[in-house]
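Structure record follows, encoded as structure tokens.
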Amino acid sequence: MSDSATPPAKPMHFIRQIIAEDMKTGRWGGRVHTRFPPEPNGYLHVGHAKSIILNYGMAKEFGGKFNLRFDDTNPAKEEQEYVDAIIEDVRWLGADFEDRLFYASDYFQQMYEWALVLIDKGKAYVDDLTADQIREYRGTLTEPGRPSPYRDRSPAENRDLFERMQAGEFPDGSRVLRAKIDMASPNLNLRDPVMYRILRVPHHRQGRKWNVYPMYDWAHGNEDSIEGITHSLCTLEFENHRPLYDWFLDQLGIHHPQQIEFAKLVLSYTVLSKRKLRELVFGRYVSGWDDPRMPTIAGMRRRGYTPEALWALVEEVGVTKVESVIDVGRLENAVRNHLNRVAPRVMGVLRPLKLTIENWPEGHVEMLECVNNPEDPSAGTRQVPFSGTLYIEQEDFMENPPKKFFRLSPGAEVRLRYAYFVKCTGVVKDASGKVIEVKGTYDPATRGGDAPDGRKVKGTLHWVSAAHAIDAEVRLFDRLFSHPEPEKPPKDAPPDWTYLHNLNPSSLEVVRAKLEPSVASAKPGDRMQFERLGYFCVDKDSTPDLLVFNRTVTLKDTWAKEQAKGAA
RNA sequence: UGGGGAAUCGUCUAAUGGAAGGACAACGGACUCUGACUCCGUUUAUCUAGGUUCGAAUCCUAGUUCCCCAGCCA
């Protein structure tokens, strides 16, 4: 086998395998057509990102098509705001649905006619039982259900009643249309599932045209069939629904896609259920759906995560039927990996400490050349001003340093990145004894950062020139929850315990930072590395007077880890 | 106590009867004008018990654990 000519093959996860096999046998006439079918009742999160990337990725890989389809079958819950947000998120991920933006509600007429077909075949009936009665008649997990007294109405009567349901003659909840399947089935989904309910409310796209709205199980296969979907990918909890998906399509005798279930992506240190995400937003625990601490796509985008990183993560964790929890560290790592390659570097000081160079010529300023991205020579260089009054990071100075502290301390010499070697000669303290200024001297021979005498220093510090630095607000984020599985109650949980008790009280810290002047022209959405600190992204809250940054993710910090070990 | 799924390093994932491999994490080291990146090395796994086989993560039998299902939500 040749070595270099063979690109690394993508892992043959089971869905890729099924599709590859179908392509080989020509099962769908050489077609692959997938879809992402969100309900517009909330924002998309990282779990949806997996589904989007999987669906679009398979279509793309096999030369097929991908649809975005809103499953807007429940007007009571759905809103245009969510439609708009979802479209933006799907596009941002790079999932190109071209002109195939669809709405389930556009198929309501066709579904209605198909329902009449089932009625005429004696496979569906109108039931007058109340919701409670239906539940009671359904039986339990271990006992079969009983037939509704209305189960054997004639097709003619059912047709009349169903048409009058749609005509608005009956109140909400008074009747439903049910499929006539098997009240004794061990699969509860097959015990005469409801196909339509009366909901005399306006639909966000259809207005008042409909008084009956289809249920998921009835609608979904129809939608897939109408669009010519070949592989209908969904999550594990729909496995129990597959027999019903198949039953409806078989009864109708229409195009019948294959439903395939996979395990959804779950992340540690966060929650992903729509209900809980809503609660975080509307309970004001976060600033909104796009709060950078949220696992929503909008939140991740605002925080500075990239689509490439999300794609890499999804490819790395694979696609299986095993329910698993992905360590959020893997996501962060994927983000670092991508940003390391593409993010320009700048210097910024998050917690400024004044450093005065005592032997620096009064008023003198030098422009120093700094590399924009060592991983990408084509990114070039920039000039950064250096002077005798600087800011360095507070944590880069210690008056009484521990062993292996390579940074500045009295008598120690360090390099200021791209600038000069500096030796600490003293400190200035305030009345409380806190160090408020560090004094030092520089070695003029080390301009650019190299000592001609071959002398080495262990530490290199980032810095900004005080007179030239710009101020910025920087938002530092920590995990929203302090527990890897925030929904899991502790052993001694009080009765009123909820996952909100695991909210991390210090997930947000805001600091005033000093940044090198080249950053002044940055625009919202711009991403960059602050050297030695992490990756940062300009936030939309920025004003002409003040840039606001979100810390996307820190750099790996083995020194911090070392210290944590010492502290423990 | 019905039905449907799933069990492989700490985590995620390969293997399709023929040497249990990779990624992340952890640990140790090299390199370094970012304690970053990169590179090298180390530790750690087939749910259990039987069986078939020259050979089992894979096949068979019995069991165990976990997840999903009793919405007029999707």
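This structure is a prediction, so every number in the text was calculated from the model and none was measured. Lettering follows sequence order; numbering is per chain, from 1.
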Counting primed atoms plus P, OP1 and OP2 as sugar-phosphate and everything else as base, spell out the protein contacts along nucleotides 68-74 of chain B at 4.0 Å heavy-atom distance: B, S or - for each nucleotide, 5' to 3'.
BBBSBSB
Any base atoms under 4.0 Å from [X], or only sugar-phosphate, or nothing? Heavy atoms, all strands.
X	answer
A:Glu143	nothing
A:Pro374	base
A:Glu136	nothing
A:Phe421	nothing
A:Ile326	sugar-phosphate
A:Val371	nothing
A:Lys561	sugar-phosphate
A:Glu531	base

What integer number of Å spans the [atom1] atoms of [N] and [M]?
N	M	atom1	result
B:rC72	B:rU16	C1'	45 Å
B:rA14	B:rU53	C1'	24 Å
B:rG17	B:rG51	C1'	16 Å

Taking A:Arg178 for the side chain and A:Arg191 for the main chain, is one N or O donor matched with an acceptor at less than 3.5 Å?
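Checked: pair present.
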Would you say the side-chain atoms of A:Asp192 pair up with the backbone N or O of A:Ile181, donor to acceptor, closer than 3.5 Å?
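A pair under 3.5 Å: yes.
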Please determine whether the number of non-hydrogen atoms from other residues, nucleotides or ligands lying under 6.0 Å from atom NZ of A:Lys264 exceeds 12.
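Open.
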How about NZ on A:Lys404, more than 12 heavy atoms from neighbouring residues, nucleotides or ligands closer than 6.0 Å, or not?
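No, NZ of A:Lys404 has 12 or fewer neighbouring heavy atoms, counting only those of other groups under 6.0 Å.
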Side chains of [X] and [Y]: do they bring a donor and an acceptor to under 3.5 Å?
X	Y	answer
A:Tyr269	A:Asp327	no
A:Tyr245	A:Gln258	no
A:Glu366	A:Tyr420	yes

How close or far is atom [atom2] of [N] from atom [atom1] of [X], stated in whole angstroms?
X	N	atom1	atom2	value
A:Lys556	B:rC39	NZ	P	11 Å
A:Tyr269	B:rG10	OH	C1'	12 Å
A:Glu393	B:rG35	CD	C1'	14 Å
A:Asn333	B:rU11	CG	C1'	13 Å
A:Arg341	B:rA36	CZ	P	19 Å
A:Leu265	B:rC67	CG	P	19 Å
A:His338	B:rC37	NE2	P	16 Å

5'-most contact on RNA chain B: A:Asn340 or A:Arg415, nearest heavy atom basis?
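Closer to the 5' end of RNA chain B: A:Arg415.
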Side-chain N or O of A:Lys404 versus OP1/OP2 of B:rG35: is the shortest distance under 4.0 Å?
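For B:rG35, OP1/OP2 do not have a side-chain N/O of A:Lys404 under 4.0 Å.
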Quick check on B:rC37: is either OP1 or OP2 less than 4.0 Å from any side-chain nitrogen or oxygen of A:Arg336?
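No, outside the criterion.
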Just name whichever nucleotide pairs with [N], Watson-Crick or G-U, keeping both distances under 3.5 Å, else none.
N	result
B:rA6	B:rU65
B:rG50	B:rC60
B:rG21	B:rU13
B:rU42	B:rA26

Of the listed nucleotides ([options]), which one gets closest to any side-chain atom of [X]?
X	options	result
A:Arg345	B:rG35, B:rA6, B:rU34	B:rU34
A:Lys321	B:rA6, B:rC24, B:rC37	B:rA6
A:Leu555	B:rA36, B:rC37, B:rG2	B:rA36
A:Thr320	B:rU1, B:rG35, B:rA14	B:rA14

Step through it carefully: locate the ring centre of A:Phe238, locate the ring centre of A:His220, and say whether they are under 6.0 Å apart.
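Ring centres of A:His220 and A:Phe238 not closer than 6.0 Å.
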Establish, yes or no, whether a centroid distance under 6.0 Å links the rings of A:Phe162 and A:Tyr196.
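Between A:Tyr196 and A:Phe162, which both carry aromatic rings, the centre distance is below 6.0 Å.
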